[in-house]
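What follows is a short report on a single structure.
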Amino acid sequence: MIKDNEIQSLQQGHRTRLRKKFLDGQLAEYEILELLLTYAIPRRDVRTLSRQLYKKYGNLHNLFSASYEDLITNPGIKENAATFFKMIHKLMELDYKYYLNNAPIFHNYEKLENYCKLVVGGKSVEEFHVLYLDAQFKLIQDETHSKGTIDWAAVYIREIVKRALDLNARSVVLLHNHPTPYTSFSSQDIQITQELQNALDKLDINLYDHLLVSADVVYSARNMFLLDNNKN
């Protein structure tokens, strides 16, 4: 019969090997999850749990984007581990935000899209955000404009225009999500985008883009020619 101290020694040896493989760049994504869990749940064998979580969420992005309430419904995940995952999610978001604060958004559009996925991806209801940019297209402020239902979030054009003036923003990027996977802009989305572009244009403020996150896809109104390019 294997004694408790022998089990602990085997677990410690396995975790040491995981850390070495990580530092050598040899861990698969599900193994990275296992290694992370060893820090959140230090006194348990987490191999089975890591595989169950990876199978359910499909990748680390979906796991970190899941709500705290959803995470703690998983057997084996309690408050400590769920908080740990949300801290990682927040650190990733802050890292991308730091870049957007210090470089024009069009210098690396992939970073902007990844930031958007972190901010609104995985949400169970629609959220509408507004990213206010300065004259160099750097991020001044990202603000949650509204939260709605599974298929709707309110947009108040006057509030967005007023806030853009208050912040002395020269450009604006709209951002919202669709909880239903892989659904592009609705006719209502397109209408409100065009109305807001017209309102901002009167004040010489540029609507640079409207980004929509649905599952792991980021749709761009600019790239889909849904904006009046003569005003950009």
Side-chain angles (χ1 to χ4, degrees), residues 65-67 69-70 89-90 93-94 96-97 100-101 104-106 109-232:
S65 297
S67 69
E69 292 74 19
D70 178 70
H89 182 270
K90 189 63 178 180
E93 180 184 318
L94 290 172
Y96 281 116
K97 190 172 185 178
L100 297 175
N101 285 143
I105 60 169
F106 53 76
Y109 225 61
E110 183 179 0
K111 287 185 182 289
L112 173 62
E113 291 181 348
N114 287 339
Y115 173 75
C116 292
K117 290 180 187 179
L118 288 168
V119 171
V120 298
K123 303 287 186 179
S124 59
V125 298
E126 282 199 17
E127 287 190 11
F128 197 94
H129 287 240
V130 184
L131 281 61
Y132 299 95
L133 312 176
D134 65 16
Q136 286 74 47
F137 295 92
K138 298 177 184 178
L139 181 65
I140 302 172
Q141 191 82 5
D142 167 16
E143 295 185 349
T144 304
H145 180 71
S146 67
K147 295 183 181 182
T149 65
I150 185 69
D151 59 0
W152 178 82
V155 180
Y156 303 101
I157 292 178
R158 289 185 180 181
E159 290 187 10
I160 295 173
V161 170
K162 181 178 183 301
R163 188 61 174 150
L165 292 172
D166 290 343
L167 293 170
N168 195 29
R170 303 311 306 152
S171 293
V172 164
V173 173
L174 307 179
L175 166 64
H176 83 287
N177 65 304
H178 281 177
T180 303
Y182 307 112
T183 54
S184 186
F185 292 96
S186 67
S187 57
Q188 187 177 19
D189 293 335
I190 296 170
Q191 180 181 347
I192 198 68
T193 300
Q194 294 171 345
E195 290 177 0
L196 184 53
Q197 184 176 30
N198 290 334
L200 290 170
D201 184 60
K202 293 176 181 177
L203 299 170
D204 198 28
I205 299 173
N206 175 40
L207 177 56
Y208 187 81
D209 205 345
H210 184 170
L211 299 174
L212 165 62
V213 177
S214 181
D216 57 353
V217 176
V218 180
Y219 299 91
S220 164
R222 184 184 182 90
N223 292 340
M224 296 172 68
F225 303 103
L226 300 178
L227 299 176
D228 184 349
N229 292 326
N230 292 324
K231 298 178 180 179
N232 284 289

With a 3.5 Å distance limit and no angle check, can you tell me whether [X] reaches the backbone of [Y] through a side-chain donor-acceptor pair?
X: Asn101; Y: Leu139; result: yes
X: Arg170; Y: Asp204; result: yes
X: Asn177; Y: Glu127; result: yes
X: Ser171; Y: Phe137; result: no
X: Arg222; Y: Leu227; result: no
X: Ser67; Y: Asp70; result: yes
X: Ser214; Y: Thr180; result: yes

Side-chain heavy atoms of [X] within contact of [Y], under 4.5 Å:
X: Val125; Y: Ile150; result: no
X: Val155; Y: Ile160; result: yes
X: Thr193; Y: Leu226; result: no
X: Ile192; Y: Leu174; result: no
X: Asn206; Y: Leu200; result: no

At what distance, to the nearest 0.5 angstrom, does [atom1] of [X] lie from [atom2] of [Y]?
X: Tyr208; Y: Leu133; atom1: OH; atom2: CG; result: 9.0 Å
X: His129; Y: Lys147; atom1: NE2; atom2: NZ; result: 7.0 Å
X: Tyr132; Y: Gln141; atom1: OH; atom2: CD; result: 9.0 Å
X: Leu94; Y: His89; atom1: CG; atom2: NE2; result: 10.5 Å
X: Glu126; Y: Ser146; atom1: CD; atom2: OG; result: 8.5 Å
X: Ile140; Y: Arg163; atom1: CD1; atom2: CZ; result: 9.5 Å

Query raised in the report: Given the rule in the side chain to side chain contact (heavy atoms under 4.5 Å, CB included) test, do Ile105 and Lys138 qualify, once you have shown the distances and angles that lead to the verdict?
Result: CA-CA 6 Å; Ile105 60 169; Lys138 298 177 184 178; over 6 Å; no
Query raised in the report: Which atoms form the tightest heavy-atom contact between Ala164 and Val172, and what is the distance?
Result: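 Taking every non-hydrogen atom into account, CB-CG2, 4.4 Å.
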Query raised in the report: Do you know the tightest heavy-atom contact between His178 and Ser186?
Result: CE1-N, 4.3 Å
Requested in this report: Can you sort out the partners of Phe185 under ring pair (Phe, Tyr, Trp, His ring centres under 6.0 Å), two or more places apart, ordered by chain and number?
Outcome: His210
Query raised in the report: With Tyr156, which residues qualify under ring pair (Phe, Tyr, Trp, His ring centres under 6.0 Å), at least two apart?
Result: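 Partners of Tyr156 under the ring pair (Phe, Tyr, Trp, His ring centres under 6.0 Å) test: His145.
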Report task. Determine the sole option in Asn114, Asn223, Asp209 for which the side chain to side chain donor-acceptor pair (under 3.5 Å) test with Tyr109 is passed. Result ->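 So the option named by the test is Asp209.
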Query - Pair Tyr219, Asp189: side-chain N/O donor-acceptor within cut-off below 3.5 Å - result: no
Query raised in the report: Around atom CD of Glu195, are there more than 12 heavy atoms of other residues, nucleotides or ligands at under 6.0 Å?
Result: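 Counting neighbours around CD of Glu195, more than 12 heavy atoms of other residues, nucleotides or ligands fall under 6.0 Å, so yes.
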Requested in this report: Show your working on side-chain hydrogen bond (donor to acceptor under 3.5 Å, both in side chains) between Tyr182 and Asp216 and close with a plain yes or no.
Outcome: CA-CA 8 Å; Tyr182 307 112; Asp216 57 353; 3.0 Å; yes
Query raised in the report: Does a side-chain N-to-carboxylate-O contact under 4.0 Å join Lys90 and Glu93?
Result: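 The answer is yes: the pair qualifies as a salt bridge.
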Requested in this report: Report the C-alpha distance between Leu131 and Leu211 in whole Å, list the side-chain angles of each, state the deciding distance to 0.1 Å, and finish with yes or no for side chain to side chain contact (heavy atoms under 4.5 Å, CB included).
Outcome: CA-CA 10 Å; Leu131 281 61; Leu211 299 174; over 6 Å; no
